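Every chain is numbered from 1, with letters handed out A, B, ... down the list of sequences. Note that this is a predicted model, so its numbers are computed, not measured.
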Protein chains: 2
Amino acid sequence: MENKLELLVETMVSKGLRMTSQRRWIAEVFSDSTGFVLPKQVHHYISERIPGVSYDTVYRNLRLLTDIGILEQFDFAGGVRFKLRCGPDSHHHHFICIKCEQTYPLDYCPMENVETTPEAFRILSHKFEVYGICGRCGTD
Amino acid sequence: MENKLELLVETMVSKGLRMTSQRRWIAEVFSDSTGFVLPKQVHHYISERIPGVSYDTVYRNLRLLTDIGILEQFDFAGGVRFKLRCGPDSHHHHFICIKCEQTYPLDYCPMENVETTPEAFRILSHKFEVYGICGRCGTD
DNA sequence: TTGCTTGCAAACTGTTTGCACGATC
DNA sequence: GATCGTGCAAACAGTTTGCAAGCAA
């Protein structure tokens with residue numbers, strides 16, 4: 001996925017970020033993965049390329065990339081995870097494999113069918129995720 | 001909600017738990033609330049009744065009550081939260097007010113409309129939550 | 001009395017902050 | 001060269017653990 005990485009890097013630069021090697025490797029982590037990644041995994045990946053990277057650099061950049069809309073943060077039981085933000089044009093949800101943690105798009109949005117809301121409840125957002133075992137992991 | 005508290009206490013005893021004052025107050029927290037509660041809030045509530053309760057007692061019991069199916073654990077951005085488990089017979093989801101954190105039942109289950117799954121994906125569970133501002137908080 | 005529960009203290013994990021040095025533009 | 005980014009160390013919050021003493025059954 002060369003193009004995906006380049007696109008990410010360009011986006012970061014266009015947002016005014018300086019392109020450091022740390023940030024380039026972070027971009028590579030997410031351009032290679034369609035799943036949810038732990039900060040710990042990001043740090044592990046980068047420290048193999050840049051021995052001595054610090055945890056706070058990883059955290060700072062994950063937060064930064066989330067703030068500028070490149071990443072998306074999810075709160076799971078095992079800790080916070082990050083994932084490349086899907087295009088804003090394509091609203092959808094995900095099937096999530098609880099083994100390999102890869103995600104698969106789910107085009108259906110349940111809000112289409114939510115008609116009655118509690119008295120004067122103003123809807124702001126929603127979360128819909130389906131968990132299971134994907135085909136690749138199910139054959140183990 | 002006298003009955004709700006008594007029912008909770010009975011359930012705990014029937015599961016073989018000893019009824020300590022700490023546990024009774026924890027039961028009261030959840031029989032009074034339909035919302036999601038932080039461990040910190042539970043501890044605060046109890047320490048007003050039992051000065052000096054320890055955090056680990058709160059945590060131990062919240063985990064215990066979750067294990068035996070009395071409570072349910074949710075992972076939110078602000079930390080883990082607990083909530084009385086809704087009856088196993090009544091599967092439903094929730095509207096959640098992001099201000100007061102009260103919950104309102106949402107009877108519709110989106111799984112009814114999920115027909116196509118990824119190749120060989122075995123569905124195990126799902127999460128569906130609608131966030132917003134409830135009527136009481138919206139008038140501020 | 002027996003064994004489950006608690007409180008204490010300490011450890012631990014994940015995350016954040018201040019500061020001086022180093023790198024990018 | 002000015003500014004942004006990094007590494008370090010330390011602080012911090014939430015959570016978990018081992019152990020001795022306390023309490024419910």
Please report the distance, rounded to the nearest Å, between CE in A:Met12 and C1' in C:dT24. 13 Å
So salt bridge (charged side-chain N to carboxylate O under 4.0 Å, His left out) across residues 47-59 of chain B, not counting sequence neighbours, yields B:Asp56-B:Arg60
Residues 15-26 of chain B side chain polar contacts: donor-acceptor under 3.5 Å, at least two apart:
from	atom 1	to	atom 2	distance (Å)
B:Thr20	OG1	B:Arg23	N	3.2
B:Arg23	NE	B:Asn61	OD1	2.8
B:Arg23	NH1	B:Arg18	O	3.0
B:Arg23	NH2	B:Asn61	OD1	3.3

Pairs in or reaching into residues 99-122 of chain A: which pass ring-ring contact (aromatic ring centres under 6.0 Å, His included), with residues at least two apart or in two chains? A:Phe121-B:Phe95
Counting primed atoms, P, OP1 and OP2 as sugar-phosphate and everything else as base, the B/S/- map of nucleotides 15-25 of chain D against protein heavy atoms under 4.0 Å is SBBB-----BS
Side-chain N or O of A:Gln22 less than 4.0 angstrom from OP1 or OP2 on D:dG7? yes
Report, one line per pair, each donor and acceptor closer than 3.5 Å where one atom sits in a side chain of residues 125-132 of chain B; sequence neighbours left out.
from	atom 1	to	atom 2	distance (Å)
B:His126	NE2	B:His91	NE2	3.3
B:His126	NE2	B:His93	NE2	3.2
B:Glu129	OE1	B:Tyr131	OH	2.5

Would you tabulate the side-chain donor-acceptor contacts of residues 62-73 of chain A under 3.5 Å, counting partners in other chains and residues two or more places apart, or write 'none'?
from	atom 1	to	atom 2	distance (Å)
A:Thr66	OG1	A:Leu62	O	2.7

Please report, rounded to the nearest Å, how far the C1' atom of D:dG5 is from the CZ atom of A:Arg24. 16 Å
Can you tell me the distance, in whole Å, between the CD atom of B:Gln41 and the P atom of D:dG14? 11 Å
What is the separation between atom CG on A:Leu62 and atom C1' on D:dT6, rounded to the nearest whole Å? 15 Å
Please check the phosphate of C:dG7 (OP1 and OP2 only) for any side-chain N or O of B:Thr57 closer than 4.0 Å. yes
A:Ile46 CD1 to D:dG5 P, straight-line distance once rounded to whole Å: 15 Å
Quickly work out the B:Ile50 CD1 to C:dT5 C1' distance and round it to whole Å. 12 Å
For B:His43 and C:dG7, give me the distance from atom NE2 to atom C1', rounded to whole Å. 10 Å
Identified ring-ring contact (aromatic ring centres under 6.0 Å, His included) partner of B:Phe36 from the options B:Phe82, B:Phe76, B:Phe30: B:Phe76
Output the rounded distance in Å from CG (A:Asn61) to P (C:dA23). 17 Å
